[in-house]
Amino acid sequence: MKSKLHQASRPPLAGRRRLLLALATTPLIAPLGASAQSSSSLSRPIPSSGQALPVIGLGSWITFNVGNDRVARENCAEVIRIFFAAGGRVVDSSPMYGSSQEVIGYGLGKLTNGQQPAPVFAADKVWISSGTRGPGQIETSRQNWNVPRFDLLQVHNLLAWQEHLPTLLAMKAAGQLRYVGITTSEGRRHREFEQIMANQPIDFVQVTYNVLDREVEQRIFPLARERRIGVIVNRPFRQGDLIRSVMRHPIPAWAAEIDCANWAQILLKFAVSHPAVTCAIPATSSAAHVRENMGAAVGRLPDESMRRRIVAHIQKL
Amino acid sequence: MSEWWTYRPSDFLLFASRTYYRLFELYNADIWPLQIVTLSAGVMILVLMRSRAPWRGRAIAATLAVCWLWIAWAFHWERYAAINWAAGYFALSFAIEALLLIWIGVVRDRLHFDSKPSVIARIGVGILFFALAVQPLLGLLLGRDWRQAELFGVAPDPTAVATLGLLLATNRIHWIALPIPLLWCLLSGTTLWVMHAADALLLPMVASLVLLLSFRRSVSRR
């Protein structure tokens, strides 16, 4: 797979499109020169700070909730290892996701043998209806992850956001947290979401975005750009349904024009090529799939006409 | 939960199907050979239902209650809770069902069976037999590992089905003991449905049949 990706990242594109693509993406997309393996990984700056984040992260909904199954935990740890080896940094979870936080903590611990903090951009959520119990939940989550502090904490699905947001902003002001965000999924509560984006000093929003769910392009993405808010994309595969449906069909020939070797990379490159998007967080417990996903962080991204082509093609399938 | 109408059952699925079935595999390995004891207890219930011992109702209710209590603690609380934050509520529900069975069958001694059972009561016995002997084999027939078998007395699904069968086989409907196993069948069926399990409809079908026959018997005895 690795060799395929490297082959795919060769630049056969000619002239005009390549120049246009370069012009369109240069201010936003840059290689992340963290390691030899990730030297060609694409990154995006966090709008509020300029810190570069790799465009492909790792979600944990369902996939890392394996309980106390030691075999499955080792498998998840291997997924995390491959993810970081391929230049990944952003890992996202929630107290809602069962044992996922503990499994991430186990995987991160194995990554560094517990000697030093893992080079992770730790993104988690607060998900509890009581505002006063929020700090306790956050501390439990931190212990599960076994990280000194979270990089990003988000109010999960806007649950009790009026109470949690002041807590998170106070933590950020005290240096206990770097970024604050809110999340929703599958298009829920977008009006309230926009009001928070317009009125609160948040750094990130997390929304559902994929080839078939593009409502956020209308108002949330423009607002994010205007307010300099980073966007994390969840469910880029529609919880697996989208990729399962497209995988019944052959990969189109034009996939080579955006250095995609499989459907996962096409879907992910579609999501992260929107200028408002900072990164996408596909979830998987498969070593093969995380390798495929990380392949979307290298090579060329689709330009606007290619994005339209991807949508048209998949809608016809 | 705002905009609750926008949520689908799949939005509440917290784990992959392989994780769910691995849970049973590891659980079965942990508690072995308890399964032999509970299956024997199930056979004993069937035998007792045909006996004339005056204490049979109490013995059956106590046996079944112990199974519900065991599942509440050993399965829901100790294991399922690791992958499903709602399992604590399931444990509580199963413990309540155990107490209801003790109240009806042991304390009040109201678990009786007709010497000449009706057709509906016979169907109840059939459902109990199905839960004991057939339901554990379904997974195997559907291609799942035999080590992941869900068995009466230690796994919630066959225990709920067996309880519904038993309650249908008694000489009167004990409505108070029906809701929890019925709701469990609906809930577990939904979980299996969103996991695309081929046997997802089985539990809701059994629950519907028991509910329908219970109403029918209730009406016909007025």
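Here is the naming used below: chain letters follow the sequence lines, and residue numbers restart at 1 for every chain. Quick note: numbers below take in every heavy atom, side chains included, and nothing from hydrogens, waters or symmetry partners.
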Indicate yes or no: does B:Arg8 engage A:Asp241 in a salt bridge with an N to O separation below 4.0 Å. no
B:Arg79 with A:Asp69: basic N within carboxylate O range, under 4.0 Å: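 Looking at B:Arg79 and A:Asp69, the cut-off is not met.
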Answer yes or no: does atom [atom1] of [X] have more than 12 heavy-atom neighbours from other residues, nucleotides or ligands under 6.0 Å?
{"X": "A:Arg244", "atom1": "CZ", "answer": "yes"}
{"X": "B:Met44", "atom1": "CE", "answer": "yes"}
{"X": "B:Phe129", "atom1": "CZ", "answer": "no"}
{"X": "B:Leu142", "atom1": "CG", "answer": "yes"}

Hey, could you give me the CD1/CZ distance between B:Ile83 and A:Phe64, rounded to the nearest 0.5 Å?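 Between B:Ile83 CD1 and A:Phe64 CZ, I get 15.5 Å after rounding to 0.5 Å.
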A side-chain contact here means heavy atoms from C-beta on lying under 4.5 Å apart; do A:Trp127 and B:Trp85 qualify? yes
So do the side chains of A:Val66 and B:Phe15 get within less than 4.5 Å of each other, counting heavy atoms only? no
Non-hydrogen atoms of chain A under 4.5 Å away: do they reach the side chain of B:Leu14, the backbone, both or neither?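 B:Leu14 touches chain A through backbone and side-chain heavy atoms alike.
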What part of A:Glu102 gets closer than 4.5 Å to chain B, counting heavy atoms only: side chain, backbone, both or neither? neither
Given a strict heavy-atom distance threshold of 4.5 Å, which part of A:Arg70 is in contact with chain B: side chain, backbone, both, or neither?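 The answer is neither part of A:Arg70.
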Measure across A:Asn68 and B:Ala82 and return the closest heavy-atom pair with its distance rounded to 0.1 Å.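 Shortest heavy-atom separation between A:Asn68 and B:Ala82 comes out as ND2-CB, 3.9 Å.
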